[in-house]
> 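Mind having a look at this structure? Questions to follow.
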There are 2 protein chains.
Amino acid sequence: MTAEARPAAPPLTERQEARRRSILRAGAQLAGRGGFEAVQMREVADAAGVALGTLYRYFPSKVHLLVAIMQDQLQHLHVTLRRQPPAGDDAAQRVAETLMRAFRALQRDPHLADAMVRALTFADRGVSPEVDAVSRLTTAIVLDAMELENPTQEQLSVVRVIEHTWHSALITWLSGRESIAQVKRDIETVCGLIDPPAGTR
Amino acid sequence: MTAEARPAAPPLTERQEARRRSILRAGAQLAGRGGFEAVQMREVADAAGVALGTLYRYFPSKVHLLVAIMQDQLQHLHVTLRRQPPAGDDAAQRVAETLMRAFRALQRDPHLADAMVRALTFADRGVSPEVDAVSRLTTAIVLDAMELENPTQEQLSVVRVIEHTWHSALITWLSGRESIAQVKRDIETVCGLIDPPAGTR
DNA sequence: AGCGAGTCTGAAACTTGTTCTAGATTAGCG
DNA sequence: CGCTAATCTAGAACAAGTTTCAGACTCGCT
């Protein structure tokens, strides 16, 4: 409940690294069916071949675990995108294409998406560092698509708004309150903030 | 776990209405200290002078309860805003002012805000109707500020993006990952989508 | 007033996230 | 190899959301 200081990650041994991966895999698999609720810590520990206490040593809460899974997935996506960058004429198009590509990836496993995104938005202050890491990754992906090296304050705000929209639109889609077409339109709409290079006011 | 059909709200008797209010008040009060986690169903029932089972008859889950509280608060806000509408030159300014006013109201009780917003974004399909009601209220407030009667598809998408940004920015602020200044800037940024009356593409 | 359906109460039970403990195992090191 | 601290395991225990149940109460109706 109280936020612990995380001084520095001690280097993990090989077996520990393996355990960590095993836990992430088990968690993602369980999330794959049933979403957030289906990720039950006892089952994760069981499927990962690890004691419950150990699971909690690696990930201090269910939300930590799911955020770590999201981080993992985002890293894969980032690599994929680096290999096959979006090919749009302007930045707005490229960002929209990137996000829609990510969206389609999530559509392939909506339950996993549900678990990850719900964890992300439900996370409280105690998970801030981890959530922040995810946020930085997302920002990096968007900035890549924009082909921006040194963003201005305004541009950073635009990127934040895009991320806000992205997360929230995902949520509304996952809870069945917004259609895929609407998500697409929303993403394209928010990307409209990118192009006009004119300063605000 | 399964989504129940909600055929029609049977009309509540006077005492039932009183119980409902009492529960909402107790919930809001508990949320006021400690936020989401401090709202414990046993304590809510206790503070409302009602049995636990009764609490669950009125609000089938903690999330339902908090979303209902949010709806309640939004209604108050809506009335207040109707009485003292924002006085900006253009729609974008009025919307930004409205949202910042709402934001300041939330700042006055960050714990309550935390409880409501976390519940809202954590809500799953089973709470969709209630979350939708909140969403419609928010939309109405924004449309009021824009002084729009018959919004187009594009305008509706802009409003959705504004709401997405609003919710998500709130979350990041509540979890200490974004400053008040950044929230303000983000809101002003997203409101930049409003003015340009030129059609997209 | 009396009846029947629906509602409320109090308390226990169940579920799942989280914590704790005692004993086995492992890793690093002299 | 043998020691010591850290880690891991199995399992119990605890906390809070949710469900269930038997009995008391209330409301609307005749």
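In the text below, chain A, chain B and the rest are named by the order of the sequence lines, each starting its count at 1.
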> Less than 4.5 Å apart, any side-chain heavy atom of B/Thr152 and any of B/Leu156?
no

> Can you find a side chain N or O atom of B/Thr13 that sits less than 4.0 Å from OP1 or OP2 on D/dC27?
no

> Check whether the side chains of B/Glu163 and B/Thr139 place a donor and an acceptor atom closer than 3.5 Å, and report yes or no.
yes

> How close or far is atom P of C/dG17 from atom CG of A/Leu52, stated in whole angstroms?
9 Å

> Taking CG from B/Leu65 and P from D/dG17, how many angstroms apart are they, rounded to a whole number?
11 Å

> Taking the nucleotide of DNA chain C with the nearest heavy atom to each, does A/Met41 or A/Gly53 sit closer to the 5' end?
A/Met41

> Rounded to whole Å, please give me the gap between CD in A/Gln40 and P in C/dC14.
17 Å

> Taking only N and O in the side chain of A/Gln16, is any of them less than 4.0 Å away from OP1 or OP2 of D/dC8?
yes

> Given atom CZ of B/Phe36 and atom P of C/dG17, what is their separation to the nearest angstrom?
14 Å

> Whole angstroms only, please: what is the CD-P distance between B/Glu17 and D/dC27?
15 Å

> So what does B/Tyr58 hit on the nucleic acid, given a heavy-atom distance under 4.0 Å: a base, only sugar-phosphate, or nothing?
sugar-phosphate

> What is the distance from OH of B/Tyr56 to C1' of C/dT7, rounded to the nearest Å?
18 Å

> Counting N and O atoms only, with roles assigned by atom type, does the side chain of A/Gln16 sit under 3.5 Å from a partner on the main chain of A/Thr13, one being a donor and the other an acceptor?
yes

> Could you state the atom-to-atom distance from CZ of A/Phe59 to P of C/dT18 in whole Å?
13 Å

> Might you confirm whether atom CD of B/Gln29 has over 12 heavy atoms from other residues, nucleotides or ligands at distances under 6.0 Å?
no

> Want to settle it: does A/Ala51 or B/Val63 sit nearer the 5' end of DNA chain D, counting the closest nucleotide to each?
A/Ala51

> Quick one: do the B/Ser168 and A/His164 side chains pair a donor with an acceptor below 3.5 Å?
yes

> Under 4.0 angstrom, heavy atoms only, what part of the nucleic acid is A/Val39 near: base, sugar-phosphate, or nothing?
sugar-phosphate

> Over how many whole Å does the gap from A/Arg19 atom CZ to D/dT7 atom C1' extend?
8 Å

> Phosphate oxygens OP1/OP2 of D/dG17: is one of them under 4.0 Å from a side-chain N or O of B/Arg42?
no

